[in-house]
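The structure presented is a predicted model; accordingly, all values stated were derived computationally and were not measured. Note: hydrogens, waters and symmetry copies are ignored here, and every other heavy atom, side chains too, is used.
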Amino acid sequence: MPSSPSAEDQAREQALAAYAKYAAAMDRVQHAGRAPAMGGDEHTYMTDKARTEYQVIGLDMEAEKTRVTGEVVRTPAVTALDLAGTPPRATITACLDVSAIRLVDAAGKPVTTKTQAPRYVQTAALVRDGDGGSWRVDSVTSDRQRAC
């Protein structure tokens with residue numbers, strides 16, 4: 001009989017699932033090039049702080065009349081887990097491969113951007129609501145100069 005996953009393994013899986021939802025939402029906003037329509041289920045996988053950052057990215061792209069084409073490839077892993085903390089916390093570190101994406105203007109013409117590594121490190125801080133509650137992304141930082 002197979003053994004049940006440990007609390008740590010379950011927490012890692014749940015944190016990665018929350019990060020995947022966050023990443024998918026961010027990709028949708030960047031492909032659309034406009035602020036997201038809030039009021040969906042974002043609150044289930046993002047804290048207020050992360051939702052604000054997410055909204056600002058969309059608003060900035062909308063103001064600049066830019067959007068992204070292509071797909072980001074992410075390889076996330078839970079690199080820290082503190083289930084005893086109040087609240088419980090997790091850190092996810094991901095390598096983002098952005099070599100296939102392009103920033104374009106409203107007409108679809110490429111926009112010149114600052115040079116960055118085609119693969120760079122992103123770190124997401126997650127918190128869990130209570131014992132056994134939902135994991136939610138609280139903040140995300142990207143080090144676009146740190147290749148992976």
Side-chain angles (χ1 to χ4, degrees), residues 5 8-83 85-130 132-148:
E8 290 83 9
D9 288 342
Q10 288 177 346
R12 282 183 179 87
E13 184 178 310
Q14 292 164 355
L16 285 167
Y19 175 79
K21 288 180 181 180
Y22 168 86
M26 187 60 69
D27 287 348
R28 284 191 301 275
V29 164
Q30 291 180 334
H31 280 96
R34 65 179 179 271
M38 301 302 277
D41 67 346
E42 297 92 359
H43 67 281
T44 65
Y45 56 88
M46 285 187 233
T47 63
D48 289 344
K49 178 182 173 185
R51 286 198 319 267
T52 298
E53 291 171 3
Y54 164 71
Q55 182 80 11
V56 166
I57 288 170
L59 290 169
D60 286 347
M61 292 185 83
E62 197 171 317
E64 295 167 0
K65 296 181 179 17
T66 58
R67 62 185 174 84
V68 169
T69 63
E71 300 300 322
V72 176
V73 177
R74 294 175 177 84
T75 54
V78 176
T79 53
L81 185 64
D82 178 9
L83 296 178
T86 306
R89 296 184 177 278
T91 301
I92 292 177
T93 303
C95 180
L96 272 62
D97 182 340
V98 296
S99 60
I101 69 165
R102 299 293 176 261
L103 186 65
V104 297
D105 65 17
K109 294 182 180 170
V111 174
T112 303
T113 59
K114 294 186 276 182
T115 302
Q116 68 179 27
R119 293 170 45 96
Y120 62 85
V121 176
Q122 183 178 75
T123 305
L126 289 84
V127 294
R128 187 167 75 181
D129 297 326
S134 298
W135 284 97
R136 297 188 302 152
V137 173
D138 187 49
S139 66
V140 177
T141 57
S142 296
D143 186 347
R144 288 179 169 81
Q145 302 307 313
R146 183 175 156 207
C148 53

Next on the checklist: What I'd like to find out is whether the side chain of V127 reaches to under 4.5 Å of the side chain of K49, using heavy atoms alone.
Outcome noted: no

Item to check | Where L126 and A15 come nearest, the two heavy atoms and their spacing | outcome: CD2-O, 3.4 Å

Checklist entry - Hey, are the side chains of Q122 and S142 touching, using non-hydrogen atoms and a 4.5 Å cut-off? => result yes

Next on the checklist: Using side-chain heavy atoms (C-beta onward) and a distance below 4.5 Å, is E71 in contact with H31?
Outcome noted: yes

Checklist outcome for this item: Correct closest heavy-atom pair for A35 and Q55 would be CB-NE2, 3.7 Å

Checklist entry - Is the number of heavy atoms from other residues, nucleotides or ligands within 6.0 Å of CD (E13) greater than 12? => result no

Checklist entry - Taking all non-hydrogen atoms of both residues, which atom of C148 and which atom of R119 are closest, and how far apart? => result O-NE, 3.1 Å

Checklist entry - Between atom CZ of R102 and atom OG1 of T69, what is the distance when rounded to the nearest 0.5 Å? => result 7.5 Å

Checklist entry - So how far is it from C95 SG to R74 CZ, rounded to the nearest 0.5 Å? => result 11.0 Å

Checklist entry - How long is the span from the CD1 atom in I57 to the CZ atom in R34, to the nearest 0.5 Å? => result 16.0 Å

Checklist entry - Out of V111, V29, L103, which one pairs with V68 under the side-chain contact (heavy atoms from CB on, under 4.5 Å) rule? => result L103

Checklist outcome for this item: Separation between CG (D48) and NE2 (H43), nearest 0.5 Å, reads 10.5 Å

Checklist outcome for this item: Sequence neighbours excluded, the answer for side chain to side chain contact (heavy atoms under 4.5 Å, CB included) partners of A25 is R28, Y45, M46, Y54

Item to check | Distance-minimising heavy-atom pair for Y19 and A94 | outcome: OH-CB, 3.6 Å

Item to check | Distance-minimising heavy-atom pair for V121 and A147 | outcome: CG2-O, 4.4 Å

Next on the checklist: When you compare the side chain of R146 with that of Y120, does any pair of heavy atoms fall below 4.5 Å?
Outcome noted: no

Checklist outcome for this item: In short, V137 meets A18 closest at the heavy-atom pair CG2-O, 4.2 Å

Item to check | Approximate separation, where rounding is to 0.5 Å, of M61 CE and R67 CZ | outcome: 9.0 Å

Checklist entry - Sequence neighbours excluded, which residues qualify as side chain to side chain donor-acceptor pair (under 3.5 Å) partners of T47? => result D138

Checklist entry - Measuring from L96:CG to D143:CG, what's the distance to the nearest 0.5 Å? => result 11.5 Å

